[in-house]
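Data first, discussion second: the structure below is written as structure tokens.
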Amino acid sequence: MDVSIIGVGQTEVKEMWETSIRHLSWYAIEAALDDAHVSKVDALFVGNMLAGELSQQNHLGALVADFAGMRGIEAVTVEAADASGGAALRQAVLAVKSGMVKTALAVGVEKMTDQTGASVTRALATGLDTDYEMMQGLTTAGMGALIMRRYMYEHGVELADFAGFSVNAHANGADNPLAMFRNRLRAESFISAPLVADPVSLFDMAPLADGAAAVIVTSKERAMDMVPQPVEIVGSAIATDAFALHDRRDLLWLKAAELSAQKAMAQAGVVHDDIDLFELHDSFTIMAALSLEATGFAERGKGWQMARDGEIARNGRLPISTFGGLKARGNPGGATGMYQIVEVVRQLRGQAGACQIADAKIGMAQNIGGSGGTAVTHILQIRD
Amino acid sequence: MEVSRHWRLQKQRYELVGETCDSCGVKLFPPRDVCLECEAPAQELYTFTGLGEVFSYTTIYDAPAGFEHNAPYQVALIKLEEGPIVTAQLTDMALDEAYIGMPVEMVTRKLRTDGEEGMIVYGYKFRPICFEPVVN
């Protein structure tokens, strides 16, 4: 790729009544600028899903550039439902790789809490097919539930078999000071949690929250002179699939996740065993299982076994959700994909504190939009 | 109030009108003009029988704005007998009745009311088949 990350920043993930969308963006940007020891960038890509719906605020590219004291630079918003964050980083990578932009800043930001429950649920459902899914009353939780029920039916899996994903996420989130939920979760509580959309429960789905995260990229060559620990982006790919769940060729297969992972791994020249950790899109436990299967870490129908067998734990074969994932760190929609990148960078730099994966050199992040219509995969590597 | 948006979908919502691909013959719902199997143009209209079976289903407890008064309600993926899968609510049955493979048929029901003065949106839902369909 010849593109490297020189700075990252993030805010806490929680309900932040006192903080506006522009302030959230700025806090993450300020932290990333400090981290990279730079004061300005040449382009800004804002990943956001819901500002138009929930804050009646579009045109975030110019708004954030202006508020961050960067008036004059190139700036646009990138939207791909809850894959907006990953997609924004992809645009920053393309910009630097093209040679037309020296240093690019990607910030993912979401302000969920200015509206209450039913409005947010409806806004999130705009990432599904409004005419043919949302008008039937389908929600994102309902989307996860439709897949999960069929998966349980076809593969003979019980609800309790998914508990390991949430238990692992909470165990890791407990050690992340920025996480929304820092409580541990018992498997017994998982199966008796209140239902959101049967069989998806409160302890199965990721909590919605406010948050912002930022990443600064420049050419690999420049990065080496700028910071002591540049992290190289060795794989970067976006792929798409059928937009609506009902149009998928195979309800239980995330084709876009497979395609984007294959592309990114080919670019990076890595095989599965080379990858030390995987920040996947665990918006629902079923999405975690399907992501492991589509990316080739597990066989079809067996993704859940990696959770049962402890393979996804911090000391397991493939640690996932190492800072809590969407489930415990929290899911700030269009910012989620950028948190994944920030977390992988902290792991590779050895700055993950209690969440640290020993000797992590190569990490993968996968950000999924809607019911799987978009998948963004990035592979990051740190050189000795 | 999105009147035109609902008006232009009336053939789909009331009659389950989709398309047939001229090239490979596959039936499509919703209509999409480009065949999802062979990518040839597909613009020949086709009215589905409305018969199918439950492929997957969920009970929604946490409803989006506009559907709060309906909760809990069930949304299913219905595999139509012609092949395509459609997302639709289940109706005329108790919440514990649904199962994967349940035979269902399309009926017209109220989908949503946009407030006291807003429009009432009607469309397809699916109910259990209570009797053998008449074969012509």
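Not measured: the values here are computed from a predicted model. A note on names: the letters A, B, ... follow the listed sequences, proteins ahead of strands, and every chain is numbered from 1.
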(message) Working note: A:D210 + A:T113, criterion side-chain hydrogen bond (donor to acceptor under 3.5 Å, both in side chains); need CA distance, chi angles, decisive distance, verdict.
(response) CA-CA 7 Å; A:D210 300 334; A:T113 57; 2.5 Å; yes
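In this model, a donor atom of one side chain and an acceptor atom of the other lie less than 3.5 Å apart for B:T49 and B:E81. Side-chain N/O atoms of A:H281 and A:D82 include a donor and acceptor closer than 3.5 Å.
Ranked by heavy-atom pairs shorter than 4.5 Å toward chain A, the options B:V75, B:D62, B:L111, B:I100 are led by B:I100. Of the listed residues (A:T116, A:T121, A:L146), the one with the most heavy-atom contacts under 4.5 Å to chain B is A:L146. Ranking A:L138, A:I147, A:T130, A:D131 against chain B, the residue ahead of the rest is A:D131, based on heavy-atom pairs under 4.5 Å. Of the listed residues A:A145, A:A125, A:A197, A:S119, the one with more heavy-atom pairs under 4.5 angstrom with chain B than any other is A:A197. Heavy-atom pairs under 4.5 Å with chain A were tallied for B:Y124, B:F29, B:F55; the largest tally goes to B:F55. The choice from A:R150, A:M148, A:M134 that makes the most heavy-atom pairs within less than 4.5 Å of chain B is A:R150. Chain B forms more heavy-atom pairs under 4.5 Å with one residue of A:P199, A:A123, A:G142, A:G117 than with any other, namely A:G142. The greatest number of non-hydrogen atom pairs below 4.5 Å with chain A, out of B:K79, B:K125, B:R13, is found for B:R13.
At a 4.5 Å heavy-atom cutoff, the contact between B:F67 and chain A is made by side-chain atoms alone. For B:E68, the part lying under 4.5 angstrom from a heavy atom of chain A is the side chain only. Only the backbone of B:A76 comes within contact range of chain A, with at least one heavy atom under 4.5 Å from a heavy atom of that chain. Both the backbone and the side chain of B:E37 come within contact range of chain A, judged by heavy atoms closer than 4.5 Å. Only the side chain of B:L9 comes within contact range of chain A, with at least one heavy atom under 4.5 Å from a heavy atom of that chain. Residue A:L124: no heavy atom, backbone or side chain, is found under 4.5 Å from chain B. Both the backbone and the side chain of A:D247 come within less than 4.5 Å of a heavy atom in chain B. If you measure heavy-atom distances from B:A88 to chain A, the contacts under 4.5 Å come from both the backbone and the side chain.
A:E133 places no side-chain N or O within donor-acceptor distance of the main-chain N or O of A:M135, the cut-off being under 3.5 Å. For the pair A:E53 (side chain) and A:L50 (backbone), a donor-acceptor distance under 3.5 Å is absent. Side chain of A:Q136 to backbone of B:Q89: a donor-acceptor contact under 3.5 angstrom is found. One N or O on the side chain of A:T295 and one on the backbone of A:S291 form a donor-acceptor pair closer than 3.5 Å.
The aromatic rings of B:F48 and B:Y46 sit perpendicular, their planes meeting at an angle over 60°, well past the 30° parallel limit.
Within the 4.5 Å cutoff, no side-chain heavy atoms of A:W253 are placed close to those of A:D241.
Salt bridge A:E293/A:K302: absent, no basic N to carboxylate O contact under 4.0 Å.
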